[in-house]
J.: 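Just passing along the structure, written as structure tokens.
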Amino acid sequence: SYGSVFTHAKAGMENVDRERVARVVYDATVGTPHHENETRKERATSKRIAAMKAKGQGMTKTEWETFGRRADERARAMERTRSGARKWLVVDMDGFYAACEELYDPALKSVPVGVAAGPSSVLTTANYVARKYGVRAAMPGFIAKKLCPDLVFVKPDFKKYVKASNESRGVFAQYNPDYIAGSLDEAYIEVTEYCEKHDTTMEAIAEEIRSKVKEATGGLTCSVGGGCSRRLAKVCSDFNKPNGQYILGTTRDDILKFLRDLPVRKMYGIGKTLERILNEFDIKTCGDLLAKRATMLALFTPKAFDFLLGIALGIGTECHPRETPEGSGGRKGVSKSETFKATADKAYLDAKMTELATEVALECQRLNLKGRMVAVKLKRSTFDVIQRQTTLAGPTNDVKTIVNSALRLMRNENSIGANMTLRLVGA
DNA sequence: GCGGATCAC
DNA sequence: TATGGTGATCCGC
Ligand SMILES: Nc1ccn([C@H]2C[C@H](O)[C@@H](COP(=O)(O)OP(=O)(O)OP(=O)(O)O)O2)c(=O)n1
Ligand SMILES: [Mg+2]
């Protein structure tokens, strides 16, 4: 495994013994179905990389020069759209679920805490005491426990998180009622007008917000990033985490200097796989990304190229999504899924699917939404995921229609060849 | 339109 | 012993 998920830098994990983490994770995981599935996916990525490299090597010098010129032209075109006029803040709570739990049980503050449904489930987050051991979100509880035997598990309690979230949002609304709620613990706030009207700065507002959020939530800390786009503000929110802030200057110079040595993995939208692909082309930082723009143009799709070039230049996401056509839409899906002890028992799987599809339909009714498509998700005991979908005659939130479609989709798969042993179903 | 894959949180 | 749940997007066909 290239292991980037559990070993790459995250706030509060700068001094972690990464060798030890990698070893413990590997020892606990090697040979398991989950690990087999991970290596299968990695092989697929290797193949993808090989195809990209072959494409690059098959190109003539002239072709490369053309890509170079075109990439430069795209960069110049993007530069013409550069604007440092907007002011965005991103607020992100520190160790959110764990910090909420500490409010209700202050004794947890001094011990390592992981928030998970159980030791064989994965952690939704860990407090900063636990992070020193390499314990973090998305890590299975039993591995976290190996890294940190004193780890205390706390079960997630969403009521607490929704309450704290609402309290913090009350603060954000004071600066812009049209703030964008990312998740429960994160918000994008455009303060361009507020700064004008009140003759103030992002720095000052960030200080205020941090103080007011702490007050409003009864003690939760957050970190704030600021910049001239949502993308830059977002990456800055992590820069001085926890309980810190970083405001990036808004000139081209400020931005390119900041990006030059910033690992690409820090940017929203670049995950473990894309990081690995970029690394194969000797791209580790956003600065590398800019330097290798010709390679990017030659090997990635136009959309992916634009995305990467935007990251390299620090351009894009300056405006409120409301100002763009795509951004103004509402919710696009409702789903329920559940993991259980793997089984091929058709009666059990049918009952589970019926239960979940019913919940989806009722949730749609509650939200006053109708769906044009029903999809089911099946995860085999080998961890590979199968999705099947069907487009309905017309939009519906009728329980019978949705349940029957879901059952048909699942049974159809389950009748092909041998019965599947499943560990998860969803609709 | 469908299915696989990736990503964020 | 054991690896979550929800929502979204993109790509290739
Ligand atoms: N794989 C994940 C990641 C996060 N979360 C939940 C729990 C987190 O508390 C919350 C916020 O996610 P963050 O990425 O902001 O992480 P934290 O707030 O926990 O820590 P940090 O201080 O790094 O922001 O979302 C989750 O359920 N599953
Ligand atoms: Mg957070």
Side-chain angles (χ1 to χ4, degrees), chain A residues 1 4-6 10 25 28-38 40-42 44-45 47-48 51 92-93 95-97 114-125 136-146 153 155-156 158 161 165 181-187 234 237-238 265-277 300-307 321 326-327 329-342 356 359-360 363 367 369 372-379 381-392 409 413 423-427:
Chain A
S1 167
S4 149
V5 169
F6 295 144
K10 198 183 194 289
V25 170
T29 198
V30 66
T32 62
H34 182 269
H35 184 254
E36 290 301 311
N37 189 245
E38 289 301 302
R40 178 186 64 80
K41 288 198 284 181
E42 281 161 29
T45 304
K47 205 169 151 189
R48 196 173 146 194
D92 187 306
M93 305 301 295
F96 183 53
Y97 292 1
V115 180
S120 57
S121 181
V122 302
L123 271 51
T124 59
T125 192
R136 59 178 301 167
M139 181 177 275
F142 67 94
I143 294 181
K145 193 81 179 169
K146 282 195 166 75
F153 288 103
K155 291 194 196 315
F158 271 85
Y161 318 146
S165 183
S183 58
L184 285 181
D185 97 312
E186 183 188 57
K234 167 72 177 161
S237 72
D238 202 50
R265 182 68 150 91
K266 294 274 183 191
M267 302 297 307
Y268 184 98
I270 298 190
K272 159 180 156 158
T273 300
L274 187 49
E275 179 192 37
R276 178 178 165 210
I277 292 171
F300 285 92
T301 62
K303 232 178 180 136
F305 172 77
D306 285 344
F307 169 69
E326 324 80 90
R331 234 179 124 152
K332 296 183 177 167
V334 174
S335 70
K336 295 274 170 199
S337 65
E338 207 180 290
T339 293
F340 39 79
K341 193 162 92 65
L356 294 163
E359 286 177 35
V360 165
E363 180 71 1
L367 295 167
L369 290 172
R372 293 176 17 257
M373 191 266 289
V374 173
V376 300
K377 173 171 165 169
L378 312 173
K379 195 190 279 180
S381 56
T382 48
F383 286 88
D384 50 334
V385 173
I386 296 163
Q387 301 214 55
R388 293 293 177 261
Q389 63 181 61
T390 180
T391 303
L392 303 170
L409 286 167
E413 277 318 296
R423 71 183 332 275
L424 170 148
V425 299

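Naming convention: chains lettered A, B, ... in sequence-line order (proteins, then strands); numbering from 1 in each chain. These values consider heavy atoms only, across backbone and side chains, with no hydrogens, waters or symmetry-generated copies.
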J.: Can a donor-acceptor pair be found, under 3.5 Å and without considering hydrogens, that links the side chain of A:S121 to the backbone of A:G118?
T.: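 No; zero donor-acceptor contacts below 3.5 Å.
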
J.: Any base atoms under 4.0 Å from A:T29, or only sugar-phosphate, or nothing? Heavy atoms, all strands.
T.: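 Answer is base: heavy atoms of A:T29 come under 4.0 Å of a base.
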
J.: Apply side chain to side chain contact (heavy atoms under 4.5 Å, CB included) to the pair A:Y161 and A:V115, showing each step before the final yes or no.
T.: CA-CA 12 Å; A:Y161 318 146; A:V115 180; 3.8 Å; yes

J.: How long is the span from the CD atom in A:E413 to the CG atom in A:L378, to the nearest 0.5 Å?
T.: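 Separation between the atoms: 7.0 Å.
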
J.: Reckon A:S120 has a side-chain N or O less than 4.0 Å from the OP1 or OP2 of C:dT3?
T.: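 It does not, given that no N or O in the side chain of A:S120 lies less than 4.0 Å from OP1 or OP2 of C:dT3.
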
J.: Looking at A:Q389, does any N or O in its side chain come under 4.0 Å of the phosphate oxygens OP1/OP2 on B:dC2?
T.: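 So the side-chain polar atoms of A:Q389 do come within 4.0 Å of the phosphate oxygens OP1 or OP2 of B:dC2, strictly under.
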
J.: Given the side-chain rings of A:F300 and A:F305, with only the six-membered ring counted for Trp, is the space between their centroids under 6.0 Å?
T.: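 Here the rings of A:F305 and A:F300 have centres that are no less than 6.0 Å from each other.
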
J.: Across the strands shown, which category fits A:K234 at heavy-atom distances under 4.0 angstrom: base, sugar-phosphate, nothing?
T.: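 Sugar-phosphate contact only - A:K234 comes under 4.0 Å of backbone atoms but never of a base.
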
J.: Describe the nucleic acid contact of A:L184 in one word from base, sugar-phosphate, nothing, applying a heavy-atom distance below 4.0 Å.
T.: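 Touches nothing.
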
J.: Within the structure shown, what part of the strands sits under 4.0 Å from A:L123 by heavy-atom distance: base, sugar-phosphate, or nothing?
T.: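 Nothing, no nucleic acid heavy atom in range.
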
J.: Any idea which of C:dA2, B:dC2, C:dA8 is nearest the A:F142 side chain?
T.: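 It is C:dA2.
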
J.: Please compare A:D92 and A:R48 by the position of their nearest nucleotide in DNA chain B and report the one closer to 5'.
T.: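 Checking each residue's closest nucleotide, the 5'-ward one belongs to A:R48.
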
J.: Have a look at A:Y268 and say if it touches a base, only the backbone sugar-phosphate, or nothing, with a 4.0 Å heavy-atom cut-off.
T.: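 Result for A:Y268 = sugar-phosphate.
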
J.: Scan A:M93 against the nucleic acid and name what it touches under 4.0 Å (heavy atoms): base, sugar-phosphate only, or nothing.
T.: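 A:M93: no heavy atom of the nucleic acid under 4.0 Å.
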
J.: Name the nucleic acid region contacted by A:A304, choosing base, sugar-phosphate or nothing; use a 4.0 angstrom heavy-atom cut-off, strictly under.
T.: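 The residue A:A304 makes sugar-phosphate contact but no base contact.
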
J.: Taking the nucleotide of DNA chain B with the nearest heavy atom to each, does A:G271 or A:T391 sit closer to the 5' end?
T.: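 Nearest nucleotide further toward 5': that of A:T391.
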
J.: Considering only atom P, compute the distance from B:dA8 to C:dT3 and round it to an integer number of Å.
T.: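 One P to the other, the span is 24 Å.
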
J.: For A:P302 and for A:A28, find the nucleotide of DNA chain C with the closest heavy atom, then tell me which residue's nucleotide is more 5'.
T.: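 It is A:A28 whose nearest nucleotide is closer to the 5' end.
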
